[in-house]
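Before any comments, here is the structure.
Position 1 is the first residue of the sequence; numbering continues from there. Computation of the quantities below employed the complete heavy-atom set of this structure, encompassing side-chain atoms and omitting hydrogens, waters and symmetry-equivalent molecules.
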Amino acid sequence: SDEEIVAEVKAVRAERRAAKDKTSDLDRSEAVLDTNVVVSALIWGGTPYRLVQAATDGEIDLCTSPALLAELHDVLGRSHIALRLVQQRS
């Protein structure tokens, strides 16, 4: 649900803030992940997943834009993608 997603995003942000406090800004990189990379991370894992995990762990900062977030929202709402995500959680 949207509420669960919002709660998870808030939790990740809190973890990132805590990790950021531990890591010097000079030690961190920034990245912009294309929608295809994010979807690949969620469905198949591999290198795309490791990039998302690095951001979750506070090793890199992810940057985005309203356009990328809108595209991600659209793609994740597609029935075939949503079905794959549900299958991944099972």
Side-chain angles (χ1 to χ4, degrees):
S1 75
D2 288 344
E3 293 163 354
E4 291 172 328
I5 292 171
V6 169
E8 189 168 335
V9 167
K10 287 181 180 180
V12 168
R13 285 181 179 162
E15 289 175 11
R16 286 185 61 211
R17 277 192 298 275
K20 191 173 189 177
D21 291 341
K22 296 178 188 174
T23 306
S24 165
D25 287 338
L26 298 175
D27 297 336
R28 297 162 60 97
S29 298
E30 294 179 339
V32 176
L33 300 185
D34 182 76
T35 299
N36 293 328
V37 174
V38 176
V39 172
S40 292
L42 295 172
I43 294 176
W44 293 287
T47 301
Y49 178 81
R50 287 192 295 277
L51 286 169
V52 172
Q53 189 62 50
T56 301
D57 293 343
E59 296 169 12
I60 63 171
D61 289 322
L62 293 183
C63 303
T64 191
S65 69
L68 280 173
L69 292 174
E71 180 183 35
L72 182 61
H73 183 268
D74 175 61
V75 170
L76 293 177
R78 295 178 186 168
S79 60
H80 67 284
I81 298 293
L83 179 61
R84 293 291 294 254
L85 291 171
V86 168
Q87 290 171 342
Q88 283 296 104
R89 294 187 112 186
S90 301

Pair up each side-chain donor or acceptor in residues 39-48 with any protein partner under 3.5 Å, not counting sequence neighbours, and list the distances.
from  : atom 1 : to    : atom 2 : distance (Å)
Ser40 : OG     : Asn36 : O      : 2.9
Thr47 : OG1    : Arg50 : NH2    : 2.8

Let me check something: any side-chain donor-acceptor pairs from residues 66-87 under 3.5 Å, sequence neighbours excluded? List them with distances.
from  : atom 1 : to    : atom 2 : distance (Å)
Glu71 : OE1    : Thr35 : OG1    : 2.8
Asp74 : OD2    : Arg78 : NH2    : 2.9

Spacing of CG belonging to Leu33 relative to CG belonging to Leu62, to within rounding of 0.5 Å
5.0 Å

